[in-house]
Amino acid sequence: MAWNEIYRLVKRIPRGRVTTYGEIARALRVRGGARVVGYAMAGCPNGQGIPWHRVVGAGGRLIIREPYGSLQRRMLGGEGVDIPGTRINYKRYGWSPSRKAPTKKKPRRH
DNA sequence: CATCTGACGACCG
DNA sequence: GCGGTCGCCAGAT
């Protein structure tokens, strides 16, 4: 499991929606689960258009600490995501990958 | 090699 | 709903 796959999936998150570390871990079958996904996000390169702020904890909880925590809030708010407290309405803004990471392989045409 | 830590998550009291 | 514990794995020391 390369972190590249994780970043690629994160890039597919629609604007104004969010997903969780766990969802990503399950969709990509990441060994180590959500923890490693979070680890990957923590080291995600900047300036590559990776919407890391759209990745939240299970149930839509905001878990990133300062200084990125407030930044994430601001970014999501700018996309129209309402954040009452320390939590996002995941039922409303949640987005499920529901598909594995786009493989570079040629699509098998049967 | 031993330990600790962390942008997680499920459980439990 | 909140805080503590444990399992998980990759890096750092």
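Order of the sequence lines fixes the chain letters, A, B, ..., with proteins taken first and strands second; residue numbering starts at 1 for each chain.
Taking atom CZ on A:R29 and atom C1' on C:dC9, their separation rounds to 18 Å, with Å as the unit. C:dC9 atom P lies 18 Å from atom CD1 of A:I24, rounded to whole Å. When the P atom of B:dA7 is taken as reference, atom CD1 of A:I6 falls 15 Å away, rounded to whole Å. Rounded to whole Å, the distance from CD on A:Q72 to C1' on B:dA7 is 8 Å. For the pair A:Y90 OH and B:dC8 P, the computed distance is 15 Å after rounding to whole Å.
Here the CD1 atom belonging to A:I88 is positioned 4.5 Å from the CG atom belonging to A:L62, to the nearest 0.5 angstrom.
Counting only distance, with no hydrogens or angles, the side chain of A:Y7 and the backbone of A:M41 share no donor-acceptor pair below 3.5 Å.
Residues A:I6 and A:Y39 are not in side-chain contact: their nearest non-hydrogen atoms beyond the backbone lie 4.5 Å or more apart. When side chains are defined from C-beta on, A:V55 does not count as touching A:T20, because their heavy atoms never get closer than 4.5 Å.
Checked against C:dC9, C:dG1, B:dA7, the side chain of A:V36 finds its nearest nucleotide in C:dC9.
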Scan nucleotides 9-13 of chain B against the protein and return all N/O pairs shorter than 3.5 Å with their distances rounded to 0.1 Å.
residue : atom : partner : partner atom : Å
B:dG9   : OP1  : A:G22   : N            : 2.8
B:dG9   : OP2  : A:A58   : N            : 2.6

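Close to C:dA10, at under 4.0 Å from its OP1 or OP2, lies a side-chain N or O of A:R31.
Every residue meeting the side chain to side chain contact (heavy atoms under 4.5 Å, CB included) condition with A:I63, not counting sequence neighbours, appears here in chain and number order: A:Y21, A:R61.
Using a cutoff of 4.0 Å between basic side-chain nitrogens and carboxylate oxygens, A:E79 and A:R54 are scored as salt-bridged.
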